[in-house]
Amino acid sequence: MTILSKLRVATLGVAFATFGAGMSQADVYKWITFKPQGAGDAQALTTQWLVDEFAKRTEGKHSIQVFWGGSVAGTKEIPDVLGAGAGDFGDIVTPYFPDQMPLNNAVGFFIPQPKNSLEVGEFMENLHETYPQFDEELASQNLYAFGFRPLEAYGLLCTKPVKNMADMKGLRVRSYGFAYPALIEAMGATPVSIATSETYEALERSIVDCTPIGPALARGWKYDEVAKYYMEMPLGASFGHLLAMNLDSYKSMDPETQAIVDQLGHDYLVEYTRVLDEDDARVRELWKGELGVTVMDFPTEELTALVNDPGVQAVRAEWIEKADKLGVPAEKIAAELQF
C-alpha cells in the first residue's frame with residue numbers, strides 16, 4: 001500500500017469511527033469508488049440503484065453511504081484501501097491488478113471473444129461458484145466479490161474509415177491490458193499505450209488513429225467529438241469491475257444480510273446491463289443525428305481469423321499456464337471464450 005493510501009486509511013478510520021459513534025453496529029456501510037456521482041453513466045446510475053435496493057431489502061435496518069469520485073481512494077488504491085478496512089464496499093478495476101488477480105482477469109487475455117456484457121458477467125459468476133480458487137485469490141487480500149460489472153461490447157472508433165483488415169495496416173491504435181497489444185499487432189497496426197483520460201487528446205492530435213471502445217463509453221469520454229467512424233468489430237465485452245467487499249465486513253454480517261448482498265450482486269448485473277444497453281441505443285441515435293458518427297460493418301471473418309495468430313495465442317497460453325498452476329482447469333475455462 002502506498003504512503004498516501006496508509007494515510008487515507010488512518011484518516012478515514014478515525015472519521016468512520018467518529019461517524020459511527022452511538023449508532024448500532026453495521027448500521028451504515030461505506031462504499032468507496034473512483035466514479036463521480038454526477039457522471040450519469042450506467043455505473044453511476046446503477047451504483048445508486050444498488051444502494052437504494054440495499055436499504056429497501058434490509059427494510060431500513062442497514063444502509064450504504066457512497067464516497068464518490070476517489071474521495072477516499074483512487075482507482076489503483078482501492079483494493080489495498082478496501083482490504084485494510086477503510087470501506088466496506090468498493091469498485092475494483094481488475095485489469096489494473098494483473099499480478100494480484102490473475103484468475104479474475106481471465107477474460108482480458110481472450111480478446112476477441114464472443115460473449116456480450118451480460119454473458120461475461122454470468123461467466124464470471126459461474127467461475128466463482130464453480131472454482132473456489134477465484135474467491136481464494138481475493139480472500140488472500142481480505143476481499144470478497146459479491147457482484148461483477150462487465151464493460152460493454154467493443155468495436156473500434158477511428159478518425160478515418162476502416163473497411164477491412166487491409167485498411168488497418170500502419171494505423172496507430174490505442175492499446176492496454178493483455179490481449180489488445182498482440183491483437184493490434186496481428187492486424188498490422190501499431191499498439192500505443194495511452195491512458196483513458198489522455199485518449200481524447202491523442203485522437204484529436206493524431207497521436208493515435210483508433211481506440212477499442214463501445215458507444216456508451218465513447219460518448220462518456222466524448223471521444224466521438226474527434227473520431228467520427230465506428231467499426232462494428234466483434235471484439236466482445238471486456239471485464240471489467242468487481243463489486244467487492246472487505247471480507248471482514250462481509251463475514252460480520254448476519255446470514256440474512258449476507259444473502260441480500262449476494263442476491264443484489266446478481267440482480268445488479270441484470271440491471272446494469274439493461275441500463276448499459278439503453279445507453280448504447282441512445283448514443284447510436286445521437287450518432288445518426290447531431291454527432292454525425294458513421295457506423296461501419298467490419299468483416300467478422302477477418303477479425304476472428306486473427307485468433308490463430310501466434311502472438312494472440314501466446315497471450316492466451318500465458319493465462320492458461322498461470323491458471324493451471326493455481327489449480328483450475330484452464331483449458332476448459334478458455335474453451336468457453338472461443339468463437
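Everything quoted here is computed from the prediction, not taken from an experiment.
- Side-chain N or O atoms of Gln263 include none that pairs as donor or acceptor with a backbone N or O of Ile260 at under 3.5 Å.
- Listed by chain and number, the residues in a side chain to side chain donor-acceptor pair (under 3.5 Å) with Tyr200 are Glu225 (sequence neighbours excluded).
- Side-chain contact of Asp91 with Thr33: a donor-acceptor pair under 3.5 Å is present, judged by distance alone.
- Between Phe89 and Phe146, the distance from one ring center to the other falls under 6.0 angstrom.
- The OG atom of Ser175 sits 4.0 Å away from the CD1 atom of Ile184 when rounded to the nearest 0.5 Å.
- The shortest heavy-atom contact between Pro212 and Leu156 is N-CD1, 3.6 Å.
- Taking 4.5 Å as the limit, every side-chain heavy atom of Ser117 sits out of range of all side-chain heavy atoms of Leu151.
- The main-chain N or O of His62 is never found under 3.5 Å from a side-chain atom of Asp27 such that the two would form a donor-acceptor pair.
- Put simply, the side chain of Arg219 never gets that close to the backbone of Asp224: no donor and acceptor are under 3.5 Å apart.
- Arg174 and Thr196 share a donor-acceptor pair across their side chains, judged by distance under 3.5 Å alone.
- Glu302 and Asn164 are not linked by any side-chain donor-acceptor pair at a separation below 3.5 angstrom, with hydrogens and angles left out of the test.
- Grouping the Ile, Leu, Val, Met, Phe, Trp and Tyr side chains by contacts below 4.5 angstrom, directly or via other members, places Phe148 apart from Leu118.
- With values rounded to the nearest 0.5 angstrom, Leu276 atom CG is found 11.5 Å from Glu271 atom CD.
- Across every non-hydrogen atom of Ala44 and Ala39, the tightest pair is CB-CB, 4.2 Å.
- Counting only distance, with no hydrogens or angles, the side chain of Gln113 and the backbone of Gln338 share no donor-acceptor pair below 3.5 Å.
- Proximity of Phe123 to Leu337: side-chain heavy atoms (C-beta onward) are separated by under 4.5 Å at one or more points.
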Worked verdict on Val293 versus Leu286 for side chain to side chain contact (heavy atoms under 4.5 Å, CB included): CA-CA 8 Å; Val293 175; Leu286 287 173; over 6 Å; no

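- Scanning all heavy atoms of the two residues, the minimum distance from Thr46 to Tyr268 falls at OG1-OH, 2.7 Å.
- Ion pairing between a basic and an acidic side chain is recognised when a charged N comes within 4.0 Å of a carboxylate O; Asp209 and Lys160 show such pairing.
- Asn105 places a side-chain N or O within 3.5 Å of a backbone atom of Met101 that can act as its donor or acceptor partner.
- Between the CG atom in Leu242 and the CZ atom in Phe97 there is a gap of 9.5 Å [rounded to 0.5 Å].
- Checked against the 6.0 Å centroid criterion, the rings of Phe34 and His241 qualify as a close aromatic pair.
- Put simply, NZ on Lys35 and CD on Gln43 are 4.5 Å apart, with the number rounded to the nearest 0.5 Å.
- Between the side chain of Lys61 and the main chain of Ala55, no donor-acceptor pair closer than 3.5 Å is present.
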Residues Met296, Val162; criterion side chain to side chain contact (heavy atoms under 4.5 Å, CB included); working and verdict: CA-CA 8 Å; Met296 307 172 65; Val162 178; over 6 Å; no

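- At a threshold of 4.0 Å, the pair Glu232-Arg284 counts as salt-bridged, since one of the basic side-chain nitrogens sits closer than that to a carboxylate oxygen.
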Test log, rule side chain to side chain donor-acceptor pair (under 3.5 Å), inputs Asp248 and Tyr144: CA-CA 9 Å; Asp248 293 332; Tyr144 171 72; over 6 Å; no

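- Here the side chain of Asn142 pairs no donor or acceptor atom with the backbone of Asn246 at under 3.5 angstrom.
- In the hydrophobic cluster analysis, where Ile, Leu, Val, Met, Phe, Trp and Tyr join through side-chain heavy atoms closer than 4.5 angstrom, Phe178 is grouped apart from Leu183.
- Residues Leu326 and Pro102 are in side-chain contact: their nearest non-hydrogen atoms beyond the backbone lie under 4.5 Å apart.
- Separation of atoms OG (Ser252) and CG (Leu247) is listed at 10.0 Å; rounding is to 0.5 Å.
- Side-chain N or O atoms of Gln141 include one that pairs as donor or acceptor with a backbone N or O of Glu137 at under 3.5 Å.
- With respect to the salt-bridge test (charged N to carboxylate O, under 4.0 angstrom), the residues Asp52 and Lys56 do not qualify.
- Under the 4.5 Å side-chain criterion, counting only non-hydrogen atoms from C-beta, Glu185 is not in contact with Thr190.
- Hydrophobic clustering (ILVMFWY, side-chain heavy atoms < 4.5 Å, transitive): Met168 and Val307 are in distinct clusters.
- Counting non-hydrogen atoms of other residues, nucleotides and ligands closer than 6.0 Å to CD of Glu256 gives a total of 12 or fewer.
- Between the side chain of Ser249 and the backbone N or O of Met245 there is no donor-acceptor pair closer than 3.5 Å.
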Audit row: Ile333, Leu127, side chain to side chain contact (heavy atoms under 4.5 Å, CB included) steps and yes/no: CA-CA 8 Å; Ile333 293 170; Leu127 291 178; 3.9 Å; yes

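- Criterion: ILVMFWY side-chain heavy atoms under 4.5 Å apart, direct or through other members. Under it, Val173 and Ile111 are part of a common hydrophobic cluster.
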Trace of the side chain to side chain contact (heavy atoms under 4.5 Å, CB included) decision for Trp31 with Leu243: CA-CA 10 Å; Trp31 187 307; Leu243 301 187; 4.2 Å; yes

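- Counting all heavy atoms, side chain and backbone alike, Pro215 lies closest to Tyr230 at CD-OH, 3.5 Å.
- From Leu45, atom CG reaches atom CH2 of Trp49 across 12.5 Å, with rounding to the nearest 0.5 Å.
- Counting only heavy atoms from C-beta outward, the side chains of Leu217 and Tyr154 approach each other to under 4.5 Å.
- Side-chain contact between Arg274 and Leu269 is absent, with no heavy atoms from C-beta onward closer than 4.5 Å.
- A tilted orientation is assigned to the rings of Tyr176 and Tyr180, their planes being inclined by 30° to 60°.
- By the rule that hydrophobic residues join a cluster once side-chain heavy atoms approach within less than 4.5 Å of another member, Leu235 and Met124 end up as members of separate clusters.
- Using a 4.5 Å cut-off on side-chain heavy atoms (C-beta onward), Glu152 and Thr273 make no contact.
- With no hydrogens or angles considered, no side-chain donor-acceptor pair links Thr159 and Tyr229 at under 3.5 Å.
- Remark: Glu285 does not engage Arg282 in a salt bridge, criterion side-chain N to carboxylate O under 4.0 Å.
- Listed here is the closest heavy atom pair of Leu303 and Pro112: CD2-CB, 4.2 Å.
- Taking the six-membered ring where tryptophan is involved, the planes of Phe54 and Tyr29 are perpendicular, since the angle between them exceeds 60° and thus also 30°.
- Heavy atoms only, all atoms of each residue included: Thr211 and Leu203 are closest at CG2-CD1, 4.2 Å.
- Using a 4.5 Å heavy-atom cutoff, the side chains of Leu103 and Tyr131 are not in contact.
- Between the side chain of Asp279 and the backbone N or O of Val275 there is no donor-acceptor pair closer than 3.5 Å.
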